[in-house]
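See below for the structure under consideration.
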Protein chains: 2
Amino acid sequence: MNLELTKDTIKVACSNCNLRELCMPIGLDQADMQKLDEVVATRRQVKQGELLFRSGEEFKSLFAIRTGFFKTSVATPEGLEQVMGFQMAGEIIGLDGIVTDQYTCNAVALEDADVCVMPFSNVEELSREFPVLQRHVHKVMSREIVRENSMMMMIGNMRSEERLAVFLLNLVQRLHARGFSQSEIILRMSREDIASYLGMKLETVSRAFTKLSDEGVIEVKQRYVGILDLQALKKIVNPRACD
Amino acid sequence: MNLELTKDTIKVACSNCNLRELCMPIGLDQADMQKLDEVVATRRQVKQGELLFRSGEEFKSLFAIRTGFFKTSVATPEGLEQVMGFQMAGEIIGLDGIVTDQYTCNAVALEDADVCVMPFSNVEELSREFPVLQRHVHKVMSREIVRENSMMMMIGNMRSEERLAVFLLNLVQRLHARGFSQSEIILRMSREDIASYLGMKLETVSRAFTKLSDEGVIEVKQRYVGILDLQALKKIVNPRACD
DNA sequence: AAATTGCCTTGATATATATCAAAAGATATT
DNA sequence: AATATCTTTTGATATATATCAAGGCAATTT
């Protein structure tokens, strides 16, 4: 494997990574796990505001986020930015590049980040050898398809307040799965980013925040969001089911 | 391979299929092609209005459409239907089922259809043996991710007329790639289906049709749509570029 | 042929969100 | 500390689309 070490690229082993439950297939023995360490060629650091990859750039690798927070987006024909998603530790980005051998998105770090570079040739090679990795890769891609399905549903059917509620619920759920609070969020993205992601305008996002805040469902102070009433938030999304 | 033949299931070889350029990897020799015939276990016929699979059903197989036209959709919490896509000959459906081992969509035939049943275990097994198939599967999934990206962009940013224009352009383009007219479409779906897919209401779709028709860009007679001015239709989507 | 049904179109009105504009808070700069 | 810059909030108004309601058109049934 071509392993070039610079000050920006530090090799780490997936087998020792505390995120392996998120990134890697489960149920591997130590020996296999060590073989799978080879998917990752290098690590790369991305400072806040910097691009991990840009639309049109040649696709070579998938990236597993170790730390940090990313935004993926594309430019619309009119020159606006459409946010496609927000990604955090343990998540894989770059899947959009496979089909045309070019990334279609820009991926920008919303906070200092550290990613594992997984050359796609490594992924494919090891996938052939390890069915469990193969299955894992397929699931990761399928999950992204399903996620986008539900985004389409949301943008097509929900009102602004509901969309914001879904957005916040999804964020806390993912953060909580990573050991963070299930009731507090520090937003890494601007209101404008949220607006684009949810298919609305930033003013509408702001008003939706204010509304939820006035209703006592959440507490908002800049980019801090506290979930005061989780049930109420869920009820906004789905008034029927009161789980 | 478990190959049960009933009156509904007829085995065919991909190597002789006239859709192989759409479904299968390109650049295979005859021998490899015949090996890959094994991805397809059986064929299945689906009558208009019938389901190929339903949400919640156990995921076993992907399906390659040989003939016919499908709609995939999910039910919203409020009991409405959200259309996720329309699929035609040469396209693969069922990818959403991989992640949870259950299909998340309903797939209903909008006209009598004939599909190749590809047990996912076959797909994975042969993918390990044939890197070119492996790559193909990855591209198919990545393409779906990118397609949904652009749907999100469209629903989030475009106005009703633009959305309808994109929809029609996409349809003719795909139909033309399959040897059909590049200026005439027989819509297989209702106005309501289109509305759901595009994130609008059926009345709005109807008005958008009328508008485009009044402007002389298209000709509409029920489910027949004639493209009278392709350039104008493209210009509605992207006023800047006049390609 | 008349009647039923389903789908589509059209019209009138309501409403959610966008747009335009300004002020208020933060953050960074000098 | 004061100034400038950027982000967010809030208000007033405009507008695109949704909603409600009725009528038209085709296909199917009786």
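In this text, all values refer to a predicted model and were calculated from it rather than measured experimentally. A, B, ... follow the sequence lines: proteins, then strands. Residue 1 opens every chain.
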Can you tell me how far [atom2] of [N] sits from [atom1] of [X], to the nearest Å?
{"X": "A:E161", "N": "C:dT17", "atom1": "CD", "atom2": "P", "value": "9 Å"}
{"X": "B:E192", "N": "D:dA18", "atom1": "CD", "atom2": "P", "value": "12 Å"}
{"X": "A:M158", "N": "C:dT17", "atom1": "CE", "atom2": "P", "value": "13 Å"}
{"X": "B:L202", "N": "C:dT10", "atom1": "CG", "atom2": "P", "value": "13 Å"}
{"X": "A:L198", "N": "C:dT17", "atom1": "CG", "atom2": "C1'", "value": "14 Å"}
{"X": "B:N157", "N": "C:dA18", "atom1": "CG", "atom2": "C1'", "value": "13 Å"}
{"X": "A:R191", "N": "C:dG25", "atom1": "CZ", "atom2": "C1'", "value": "12 Å"}
{"X": "B:Y224", "N": "D:dA26", "atom1": "OH", "atom2": "C1'", "value": "18 Å"}

How far apart are the closest heavy atoms of A:S160 and A:M200, and which atoms are they? CB-CE, 3.6 Å
Test item: A:Q48 side-chain N/O and A:L110 main-chain N/O as donor-acceptor pair under 3.5 Å: yes
Could you tell me whether the side chain of A:Q82 and the main chain of A:S196 form a donor-acceptor pair under 3.5 Å? yes
Test for a donor-acceptor pair under 3.5 Å between the base of [N] and the side chain of [X], counting only N and O atoms.
{"X": "B:R163", "N": "D:dT17", "value": "no"}
{"X": "A:E203", "N": "C:dC20", "value": "yes"}
{"X": "B:R207", "N": "C:dG11", "value": "yes"}

Should B:K211 and B:E215 count as an ion pair when the cut-off is N to O under 4.0 Å? yes
Can we say B:D214 and B:R207 salt-bridge, meaning some charged N sits less than 4.0 Å from an Asp/Glu carboxylate O? no
Between A:V205 and B:R223, which has a closest nucleotide on DNA chain C that is more 5'? B:R223
Measuring centre to centre across the rings, with the benzene-like ring taken for any Trp, is B:F63 within less than 6.0 Å of B:F70? no
Name the pairs: protein N/O against N/O of nucleotides 13-16 of chain D, kept only if under 3.5 Å.
none

Of residues 209-222 of chain B, the positions that come close to DNA chain C - non-hydrogen atoms, cut-off under 4.0 Å: B:T210
Looking at B:T204, does any N or O in its side chain come under 4.0 Å of the phosphate oxygens OP1/OP2 on D:dT17? no
Pair A:E50-A:R44, salt bridge (Lys or Arg N to Asp or Glu O under 4.0 Å): steps then yes or no: CA-CA 12 Å; A:E50 286 181 358; A:R44 188 171 143 195; over 6 Å; no
Measure up the B:F86 and B:F167 rings against each other and bin them: parallel (under 30°), tilted (30 to 60°), perpendicular (over 60°). perpendicular
Which class fits the ring pair A:Y103 and A:F59: parallel under 30°, tilted 30 to 60°, perpendicular over 60°? perpendicular
